[in-house]
Enquirer: 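Structure below; questions to follow.
Order of listing sets the numbers, starting from 1, for every ligand and every atom in it. Note that this is a predicted model, so its numbers are computed, not measured.
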Amino acid sequence: MSFFIDVIIPLSLPQTFTYQVTLAEFEFLDSGFRVMVPFGKNKYYTALVTAKHQNALQKYEAKDIFLILDEKPLVTPQQLQLWQFIAAYYMCNIGDVFTAAVPSVFLLQSETVVQINAEEQISIENLTDNEYLIVQALEQQASLKITEIQQILNKKDVFKPVQSLLEKQVITLAETVVEKYKPKQLKYIQLAAEFANDKAGLANLLAMLNRSEKQRQLVLAYYQLIATNKQVLAKDLIEKSQTSSAVLRTMVTKNIFEEYFENQDRVVFDAAVQTQINLSKAQTIALNQIQESFSDHTTTLLHGVTASGKTEIYIKLIEQYLAQNKQILFLLPEIALTTQLVSRLTAYFGNDVAVYHSKYSNNERAEVWQQVLEQSPKAKVVIGARSAIFLPFSNLGLIVIDEEHEQTYKQFDPAPRYHARDTAIMLAHIHQAKVLLGSATPSLETYYNTVQKKYGKVELTKRFNNVVLPDIELIDLTEKYKRKQMIGHFSDKMIDAIRDKLALGEQVIVLQNRRGYSPYVECNACGNVPHCVNCDVSLTYYKFSGNLRCNYCGHTESFVKRCVKCHATDVNTKGFGTEQIESELLEFFPNIKIARMDQDTTRGKNAFEKMLDQFKNKEIDVLVGTQMLAKGLHFDNVTLVCVPNADNMLHIPDFRSHERAFQLLVQVAGRAGRADKKGLVMIQTYNPYHNVIQQVCNNDYLGMYKEQLYERSNFKYPPFYRLIKITLKHKDVQKLKSGSFWLYNALMQQFPNFQILGPEEPAVNKIKNEYIRTILFKISNKEHLGNTKKTLQRTLQSFDSISEYRSIKISLNVDFY
Ligand code: ADP
Ligand code: ZN
């Protein structure tokens, strides 16, 4: 009798592989276990068991597995079901899904590189002999491949001890990720136990301190704070007592106070304030409607204007699922994940919350994985960006997807190119859980689904606490230029408004959706525009460095005033980005603090958070930035939002550009205004009568929806058609051209009645020295999706069997965004 298992290998391969196991292994193993298997030439990979059976192979002889890595399954049957859905729907390899889904700590292979974890103290007592030998080897040499460890220890079976060392956090994977996100640490103060526990403590203490007024003040302030708070922040204590950190330090050295630190993500906030949310009447109605809608819909949209209090509704809803002992997944766009909303949720749910962040280290992500797998109380609510849908939930009750319209929910590269919102809805089906989508500007697809009654819909049309939506004022650029009322890119009106708000001590946001100083430079004599040597894009000018840079590949060259083509010295910057806006503002207002928020200024560790903190603390008067600014942030003191040029958003050649322009403008406008002061939004444009601009002014979501839906139906786009973008890449442009035509013709033959566009030379037709062609494949809702994809897959296979074209890289993007 022979026994077999089927496994997935973490490589970009479409099929599972069969290995032979012993009877004992067969009985022990089950789907979801990891096993180490030999694969290819002398290499070992962590593979995942998907099935066991006794059907001998026909094609090749099954090899033996090398060893079993788990005591119990690491992956649940529900996860495997989701992976299979993703592979089929997004037309990618199951091996790609495996690699994307599981933290790399769990995917040891021969080539994995490990190193000592510098952040942990190693205690040797807890190590086995093998583990100790590995640690010793790593103390000799900074990092080692698994194959090297095998050589050093002169044995093959080093995977288990390596895995165990990783779990004990003695070692880590040598990560190439440069910036790791570290949750911010907050300093807390508590009274030393001898004073805190003694009833007469306060009196004694005050008597003891009778010579130092400042120290007495600190103690009194401490008692006041602790009366209403669970914990006392050092910063609050100093403020309240009106003393200084020096006084506090003295008392810490005297052992009267003690300091301790906690991650901001994990903080249990002031219980009195944070655990009491009383929903307004409108919010209560909305919450009830959501529950009602859940009785006959898996998915419901909460369409609520900016600052209508959607978050509080999420919180109340989550509470109800917590009470039923269910797991809850809260999805956020990546950029919003490290900020205000996470603090608000963790403040409320305290230690029930785990955060799953791509900037966390591998070990930290593995920890959250284990917590979810064990249904630990520490991970009842998981907040994460799109990859959190891959966690091993077994008892999922609710998924909240905030800002559901955000395009960052779609994975772009590499495969699996999944949409986290749509995949989460599938995940919910598997668990029979519910999904709440939230947005002030829902995606067209989602809203369409509510109109079709596929999703439920609940609306909040007013802001919380009677705050009114901001006024929106359009400034016609044609006229302003004609009347010479422009200085740089600002009209007199916009500058006056900024000046007025600043005079009142209020803050201003300026949106410019391009980074750098200018998007390109141009020779005025011959019109030559310098392009990247690797990519087909113009170089962006950065004034601070005096460089031209490619925003696709990072290629940099210095900016020379002399044209490389005609040698004229009349080379000028064209267009404008955030950097230019910032420097113009500095000329108008030399004495204020201006900060710029874009991809260039938020690269460093926690740079984004730091800037938000400073803005919140009013250390920054004007914040200039790209769409990063519009991500669900609340600033109490912002009363003016300026958009110096709305037109560049309207003229992007993409079927979603109008929808996106609407969303971005409405979202950024939503940052303005508060209870006692109405917000103002100023938009400069050459097209004040453009429909989208008018819809933004009138907060007319429905108008935008109807118009765009009409266009989508006319031009055969989602939600009426599904799109699959086929991208072909090769260094040899001739080969690429003929390959693309071959594929296009083959598709036309297979699908004579389909809309197939291309092969197209995209706007950026070369990136990193590879040429690009695309074919857009449209599938009408009336077609059978599964069959169409199968035929498409077959056509691609025949493409692949032509030896001439095999080196052309093909990628598929289903539901292209
Ligand atoms: P949205 O997510 O819809 O943009 P938020 O949930 O962030 O809106 O709410 C906007 C503001 O109103 C926040 O400052 C929030 O703290 C406050 N708020 C909303 N609902 C309540 C409530 N029930 N009680 C107290 N404050 C609330
Ligand atoms: Zn480039």
Enquirer: Do you know which of Tyr418, Tyr356, Trp369 makes ring-ring contact (aromatic ring centres under 6.0 Å, His included) with Phe390?
Expert: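 So, applying the ring-ring contact (aromatic ring centres under 6.0 Å, His included) to Phe390 and each of Tyr418, Tyr356, Trp369, only Tyr418 qualifies.
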
Enquirer: With a heavy-atom distance limit of 4.0 Å, tell me whether Arg463 approaches ligand 1 through its side chain, its backbone, both, or neither.
Expert: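 Neither; no heavy atom under 4.0 Å.
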
Enquirer: What's the shortest distance from atom 13 (C) of ligand 1 to any protein heavy atom, and which residue and atom give it?
Expert: Arg344 NH2, 4.1 Å

Enquirer: If we count only N and O atoms by modelled type, under 3.5 Å, do the side chains of Gln407 and Arg660 hold a donor and an acceptor together?
Expert: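 Present: a donor and an acceptor within the cut-off.
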
Enquirer: Flag the pair Pro442 / Leu437 as yes when at least one side-chain heavy-atom distance between them is below 4.5 Å, and no otherwise.
Expert: no

Enquirer: Let's go through Arg656 and Glu445 carefully: what are the C-alpha distance in whole Å and the side-chain angles of both, what is the deciding distance for salt bridge (charged side-chain N to carboxylate O under 4.0 Å, His left out) to 0.1 Å, and is it a yes or a no?
Expert: CA-CA 11 Å; Arg656 283 185 224 268; Glu445 284 84 343; 2.6 Å; yes

Enquirer: Is Lys410 salt-bridged to Asp815, going by a charged N under 4.0 Å from an acidic O?
Expert: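 Judged by the 4.0 Å cut-off on N to carboxylate O distance, Lys410 and Asp815 do not form a salt bridge.
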
Enquirer: Can you pull out the closest protein heavy atom to atom 4 (O) of ligand 1? Residue, atom name and distance to 0.1 Å, please.
Expert: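 Scanning the protein heavy atoms, the shortest distance from atom 4 (O) of ligand 1 goes to Ala307 N, 2.8 Å.
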
Enquirer: Going by the atom numbers of ligand 1, which of them fall below 4.0 Å from some non-hydrogen atom of Ser308?
Expert: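 Listed by number with element, the hits are 1 (P), 3 (O), 8 (O).
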
Enquirer: Would you mind checking which non-hydrogen protein atom is closest to atom 2 (O) of ligand 1, with the distance to 0.1 Å?
Expert: Thr311 OG1, 3.0 Å

Enquirer: Which residue and atom name correspond to the protein heavy atom nearest atom 26 (N) of ligand 1, and how close is it?
Expert: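 The protein heavy atom lying closest is Phe464 CE2, 3.3 Å.
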
Enquirer: Any idea how Phe655 and Tyr717 line up, ring-wise: parallel (<30°), tilted (30 to 60°), or perpendicular (>60°)?
Expert: parallel

Enquirer: What residue and heavy atom of the protein are closest to atom 8 (O) of ligand 1, and at what distance?
Expert: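 The protein heavy atom lying closest is Gly309 N, 3.1 Å.
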
Enquirer: Report the relative orientation of the aromatic rings in Tyr260 and Tyr188; use parallel for angles under 30°, tilted for 30 to 60°, perpendicular for over 60°.
Expert: parallel

Enquirer: Between Leu460 and ligand 1, which part of the residue brings a heavy atom under 4.0 Å of the ligand: side chain, backbone, both or neither?
Expert: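 Within the 4.0 Å criterion, Leu460 makes no contact with ligand 1.
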
Enquirer: So is Gly304 close enough to ligand 1, meaning a heavy atom under 4.0 angstrom away?
Expert: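 Contact check Gly304 vs ligand 1: negative.
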
Enquirer: When you measure from atom 20 (N) of ligand 1 to every protein heavy atom, which one gives the shortest distance, and what is it?
Expert: Gln283 NE2, 2.8 Å

Enquirer: Hey, which atoms in ligand 1 end up nearer than 4.0 Å to a heavy atom of Leu279?
Expert: 23 (N)

Enquirer: Who's the nearest protein heavy-atom neighbour of atom 15 (C) of ligand 1, and how far?
Expert: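 The answer is Glu312 OE2, 3.4 Å.
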
Enquirer: To check your reading of the model: name the closest protein heavy atom to atom 11 (C) of ligand 1, its residue, and the distance in Å.
Expert: His634 CE1, 4.5 Å

Enquirer: Considering only heavy atoms of Asn278, which atoms of ligand 1 have at least one such atom less than 4.0 Å away?
Expert: 22 (C), 23 (N), 24 (N)

Enquirer: Which atoms of ligand 1 have any heavy atom of Lys310 under 4.0 Å away?
Expert: 1 (P), 2 (O), 3 (O), 4 (O), 6 (O), 8 (O)

Enquirer: Checking Asn648 against Asn513: is there a side-chain donor and acceptor pair closer than 3.5 Å?
Expert: no

Enquirer: Less than 4.5 Å apart, side chain to side chain, heavy atoms only: is that true for Arg421 and Val435?
Expert: no

Enquirer: Does the separation of the ring centres of Phe349 and Phe330 fall below 6.0 angstrom?
Expert: no

